[in-house]
Amino acid sequence: MNKTLGAQISHMLKDRGVEVIFGIPGVHNQEMYRGIEEAGLTHVLARHEQGAGFMADGYARATGKPGVAYVISGPGLCNIMTPMGQAYSDSVPMLVISSCLEMAEKGLGRGRLHEMKDQEGAANTVCDWSFVAQSPTHAYELIDRALREFFAGRSRSKHVQVPISLLEALAPEHPTPPQTGEARKCPDPQNIIYAADALRTARKPLIIFGGGARDLAATAAGQDTSYVTRLLSQLPAATFSTYAGRGIVPRDYPLDFGSMLARPDSAAIAAESDCVLVIGSHLSEVDLWRDQLGHACPMIRVDIDQDVLNGHGGPAFVIEADAASFVTSLLDAWGHAASQSEWSQSDVAAKTARWRAEIDAERPGILPVAEALRAALPADTMIYSDMTQFAYAAKEFWPMDRPGHWHHPSGFGTLGYALPAAIGGKIGVGAKPVVAIAGDYGFQYTLQELMVAVELELCLPIIIWDNGKLGEIEDSMVQAQIAPNAVVQSNPDFVKLAAAYGAAAARPGDLAALKRDVAAALAHKGPTIIHVQSDIALAVPARGGATSS
C-alpha cells in the first residue's frame, strides 16, 4: 500500500513482460510516470501522441509483444485514436492506458481541462474495447484481460482509462501474473476429415494465406521443415498471399502467384480452382479490391475469429482453428500419398511476369528503384511503409523470404505511419536492420518524430519518395473524370530539414548512388533521410559517383 495506483500500473506491466512504454507525460497522467524508472521500464518520449501510437504499433509488429502507450485524457487520447484504429484493423496488440476525468455526476461541472463529452465512447469507435477502471482491482483486471486477449484470440487495440484521483491514491499491490498456457484453437476432427477429403480429390486446389497464417512459416513440431512446406509437399496447390501474409510461401515454390490478389484478373485464377482454402485472411476490400474472390467452387475457411469466418467472402465451410493446429491435424488425416495437381508451373510463371509488367506500366519508374533498393538491403531487413505509390507497387512484386518483415497500414490506411512505426520497430529489434519508406506528403504528417530517432541514435534509413504531389489521388481523380484539384504541394528541402534535426541525409542522383547511400545509412549511428526523386530511374550515372548531397 506504499505506492499510488499510477506507480503500481508500471510495476504490473514490468512483471508481465512489458519493457518499453511509448508516450507523452502531462498533468493528467503524470502519476503513471511515478513508477516507470523504479520498475525498470524504458520510456520513449514521442513528439505527438499519434507518433507514440504508431511507435507502439511498430514495436508490437516487430516483436510480437504488446505495444503499450501512456497518454493524457482528452486531446492526448484523441491524438492516439488514429493509431488505435490502425492497430484494430491490422490485428496489432496495442494497449493504450490513459487518464480520465471523474464523471460529471459526481458533482463536477463542465469546462474542465481536457474534458470530453464521452471519452470512453469515443475510444470504443476505434479499438476492441474501452473501459473506465472503477477501482485499483478493476484496473488490474482490465490490464490482465487485455494482455490475455492479445494471445487468446485475434490481437486488436484495447484502451484502459483511469480516473486521475484513482491514479493518485495509494493502491494495493498488483496481483502476481496469472498462469497462462499456450493459446491454440484446435479444429474439430470431423471438420478435418471433410477438409482432407475435399482437398485430396481437388485437381486445381487454391490456397490463400493471410496474416493470420504467419506461424506456418515456422518449423513444424518434431519436423525439420516448416508447416507450409509440409502442407505444399502433400497438396501441390496454387497459392496466393495477402499483403499481410507475404513471406509465408517459400520463394522457390513454383505454383505461387505471390501477393497479386489485387490484380483484377486474379479472379480468373480463382474461377479455375475446384476447391479454395483460405487460412488466416479476412479477404477484405484491401486484400482484393473487388467484392468477391471470383471462385465458383467450394471454399474452406480457417480462422480463429468467428466474425471473419461468418463474414466477407461468400458461403464457405468454416473451421475455427489456428493455422498451425489446422495444418498439423490436416496432415495427420491426410495419409502418405501426395495429391496430384493440374496447375501448370509455366502458366503461373507467365501470369506473374505479365502482372509485373502491368505494375510497371501503371506506375512507371517505381519498379527499377524498388529493385535497386531491394538489392541494397540485407535479407532480414524489416520494412515499414506509408500510404505511398512506391509502396503500393513494391509490395505487390517484392519477394519476401520470411513473414512479418514488411509492415504497411493496410486496413485503416493512415498517412504518417512509416516513420514512427519504424522507430518503434527498430527499438524492438535492436541491431537488426529496419527501413522506413514514405511519400513526400505522408512523411510530413509525423516528421517531428525524426527527433526521437536522432535522440536515440537509431540506425534508420528513411526513404522519401518524392513526386511532388498526391499521386494516387491525382490518378483516382482523373479516372473519375474529376479535374485534379488540391493534389500538388510544395515540399521543403528534405536534406536541409534532416540537418535541422541533426540527422544525416542524401539525395542520390541515380540508382547506383541510391545503393551506396542505403549502405552508408545502414552503417550510420543515427537516422538518415534519403530523398529519392521520382525520375531517378531515368538518370544517367554521374562520373565518379558523386551524386549524393
Side-chain angles (χ1 to χ4, degrees), residues 6 9-10 13 18 20-33 36 41-61 66-90 92-101 112-128 130 132 146 156-162 164 167 384 386 409 412-425 427-428 436 438 442-453 455-456:
I9 287 173
S10 291
L13 291 171
V18 174
V20 182
I21 304 291
F22 302 91
I24 301 177
V27 293
H28 277 187
N29 73 340
Q30 65 186 14
E31 197 60 46
M32 292 157 60
Y33 283 73
I36 284 181
L41 292 168
T42 296
H43 183 271
V44 177
L45 176 62
R47 295 306 189 265
H48 188 280
E49 286 90 357
Q50 186 179 60
F54 285 144
M55 289 176 199
D57 174 298
Y59 177 89
R61 296 194 199 211
V68 181
Y70 284 178
V71 297
I72 61 167
S73 52
L77 179 66
C78 287
N79 287 340
I80 204 171
M81 282 173 60
T82 295
M84 289 167 66
Q86 190 63 64
Y88 177 85
S89 66
D90 285 356
V92 178
M94 179 198 294
L95 173 60
V96 175
I97 303 178
S98 77
S99 56
C100 66
L101 300 177
R112 294 168 290 168
L113 179 66
H114 301 334
E115 187 172 67
M116 292 178 66
K117 291 174 64 177
D118 186 356
Q119 182 168 296
E120 182 180 357
N124 258 319
T125 64
V126 290
C127 66
D128 195 18
S130 171
V132 178
R156 283 181 148 165
S157 52
K158 328 278 186 184
H159 174 227
V160 176
Q161 52 185 338
V162 187
I164 298 168
L167 288 171
Y384 289 84
D386 219 311
F412 212 36
T414 53
L415 280 163
Y417 172 82
L419 173 59
I423 290 171
I427 291 169
F443 172 75
Q444 296 179 71
Y445 270 51
T446 51
L447 69 85
Q448 69 274 7
E449 305 305 341
L450 179 62
M451 199 68 238
V452 179
E455 277 183 343
L456 300 179

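Sequential numbering from 1 along the given sequence is applied to the chain's residues. All figures in this text were calculated on a predicted structure; none of them were measured in a lab.
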Within-4.5 Å side-chain heavy-atom neighbours: M55 and I427: no
Intermediate values then yes/no, side-chain contact (heavy atoms from CB on, under 4.5 Å), E31 and I164: CA-CA 8 Å; E31 197 60 46; I164 298 168; over 6 Å; no
Distance (rounded to the nearest 0.5 Å) between Q86 CD and S157 OG: 10.0 Å
Minimal non-hydrogen separation, P66 against A60, with atom names: C-CB, 4.3 Å
Verdict with reasoning, L77 to M84, per side-chain contact (heavy atoms from CB on, under 4.5 Å): CA-CA 10 Å; L77 179 66; M84 289 167 66; 4.2 Å; yes
I24 side, atom CD1; Y33 side, atom OH - distance, nearest 0.5 Å: 7.5 Å
Sub-4.5 Å side-chain heavy-atom contact between T414 and Q50: no
CD1-CG distance between I9 and L41, expressed to the nearest 0.5 angstrom: 12.0 Å
Heavy-atom check, side chain of Y70 versus side chain of L13, under 4.5 Å: yes
Contact summary for L167 and S99, nearest pair of heavy atoms: CD1-CB, 3.9 Å
Atom pair CD1/CD1 of I21 and I97 - distance to nearest 0.5 Å: 6.5 Å
Over all atoms of both residues, closest heavy-atom pair of P420 and G51: CB-O, 3.6 Å
Minimum side-chain heavy-atom gap I423-F54 below 4.5 Å: no
I80 to A69 - nearest heavy-atom pair and separation: CD1-CB, 3.7 Å
Close side-chain approach of M116 and C78, heavy atoms under 4.5 Å: yes
Residue pair H114 / P75, side-chain heavy-atom distance below 4.5 Å: yes
Parallel, tilted or perpendicular: ring planes of Y417 versus Y384, cut at 30 and 60 degrees: tilted
Backbone of G74 reached by a side-chain donor or acceptor of Q119 within 3.5 Å: yes
Polar side-chain atom of N79 near backbone of G76 as donor-acceptor pair, under 3.5 Å: no
Donor-acceptor side-chain pairing of S130 and H159 below 3.5 angstrom: yes
Rounded distance (nearest 0.5 Å) linking atom CE of M32 with atom OG of S10: 7.0 Å
Side chain proximity check, Y59 to V44, heavy atoms < 4.5 angstrom: no
Side chains of L113 and V27 in contact at under 4.5 Å (non-hydrogen atoms): yes
Steps toward side-chain contact (heavy atoms from CB on, under 4.5 Å) verdict (L419, F443): CA-CA 7 Å; L419 173 59; F443 172 75; 3.8 Å; yes
Polar contact flag, side-chain donor to acceptor under 3.5 angstrom, T446-H48: no
Least distance between heavy atoms, R61 atom then V92 atom: NE-CG2, 3.4 Å
Non-hydrogen atoms of P25 and I72 that approach each other most closely: C-CG2, 4.5 Å
Y445 and D386 side chains, donor-acceptor separation under 3.5 Å: no
Under 3.5 Å: donor-acceptor pair, side chain of S73, backbone of L101: no
